[in-house]
Q: 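Please see the structure below; I have some questions.
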Amino acid sequence: MITAYTKGMISESDLQSQLERIDRDLVRLAMLVEDAERAAKVPDPEARRKALANVAELSRAWSALDVAARREVVDHLARNIRLRAGGAPEIEWRTADELAEDAEQGSTKDPVGPHVDGCASTL
């Protein structure tokens, strides 16, 4: 979207509308993730089923996103991403409280980007 805006393909108001939609979706997705994480800790099978009821919705929402949008979601939800040669990415997720505070304030997090061999990089 930002590239489309900088190339003059969409207006500033279109960009703002899309960013607001993404912010709303991020908050909704974060809440769904929090529900799923909470459900994983619930020992009662019925309570666990109820808590995981939105996982299919989360999966559908994620599947509908293109790669750029998925990167934006991960960037918003992650505090830090570390990439190591030959290893799995290490992701430090932001807390639900941090995400809720951002949503209440209407602020967006500065992009972190992954850290590759100790150097900051963009996604």
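Side-chain atoms are counted along with the backbone in the values below, which use heavy atoms only and exclude waters and symmetry mates.
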Q: Under 4.0 Å between a side-chain nitrogen and a carboxylate oxygen: does that hold for D66 and R70?
A: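 No.
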Q: Any donor-acceptor pair under 3.5 Å linking the side-chain atoms of E12 with those of Q16?
A: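 No - no donor-acceptor pair under 3.5 Å links their side chains.
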Q: Are D97 and E101 close enough that some pair of their side-chain heavy atoms sits under 4.5 Å apart?
A: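 The answer is no; the side chains never approach within 4.5 Å.
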Q: Would you compute the distance between atom CD1 of I10 and atom CD of Q18 and round it to the nearest 0.5 angstrom?
A: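 Going from CD1 on I10 over to CD on Q18, the span is 6.5 Å.
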Q: In this structure, would L83 and W93 fall into the same cluster of hydrophobic residues linked by side-chain contacts under 4.5 Å?
A: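 Yes, one cluster joins them.
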Q: Are the charged groups of R82 and E92 less than 4.0 angstrom apart, N to O?
A: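 Salt bridge flag = no for E92 with R82.
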Q: Are L19 and V73 connected, step by step, through hydrophobic side chains (Ile, Leu, Val, Met, Phe, Trp, Tyr) whose heavy atoms are closer than 4.5 Å?
A: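 Yes, one cluster joins them.
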Q: Taking P89's backbone N and O only, do any of them form a donor-acceptor pair with R84's side chain (distance below 3.5 Å, no angle check)?
A: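 Such a contact is absent between R84 side chain and P89 backbone.
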Q: Following the transitive rule for hydrophobic clusters with a side-chain heavy-atom cut-off under 4.5 Å over Ile, Leu, Val, Met, Phe, Trp and Tyr, establish whether V27 and V55 coincide in one cluster.
A: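 No: no chain of side-chain contacts under 4.5 Å links V27 to V55.
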Q: Looking at every heavy atom in both R79 and R94, which two are closest together, and how far apart are they?
A: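 R79 and R94 have their closest heavy atoms at N-CG, 3.5 Å.
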Q: Counting C-beta onward and ignoring hydrogens, is there a side-chain heavy-atom pair between I81 and E90 closer than 4.5 Å?
A: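 No. Closest side-chain heavy atoms not under 4.5 Å.
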Q: Rounded to the nearest 0.5 Å, what separates atom NE2 in H76 from atom CD1 in I22?
A: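 It comes to 11.0 Å.
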Q: Is there a side chain to side chain contact (heavy atoms under 4.5 Å, CB included) between L77 and L99? Walk through the geometry before answering.
A: CA-CA 8 Å; L77 296 175; L99 295 169; 3.5 Å; yes
Q: To the nearest 0.5 Å, what is the distance between CZ (R24) and CG (L29)?
A: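 These two atoms lie 12.5 Å from each other.
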Q: S17 and D14: side-chain donor and acceptor closer than 3.5 Å?
A: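 Judged by distance alone, the side chains do not pair up.
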Q: Keeping the roles fixed (side chain from Q105, backbone from D102), state whether a donor-acceptor pair exists under 3.5 Å.
A: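 Judged by distance alone, no pair lies under 3.5 Å.
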Q: Rounded to the nearest 0.5 Å, how far apart are CG of N54 and CZ of R28?
A: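 The distance works out to 9.0 Å.
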Q: Answer yes if L15 and M9 sit in the same cluster of Ile, Leu, Val, Met, Phe, Trp and Tyr residues linked by side chain heavy atoms under 4.5 Å apart, and no otherwise.
A: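 No, it is not one cluster - the side chains of L15 and M9 are not joined through contacts under 4.5 Å.
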Q: Quick one: pull up CG in L58 and OG in S63 and give me the separation to the nearest 0.5 Å.
A: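 So the gap between those two atoms works out to 9.0 Å.
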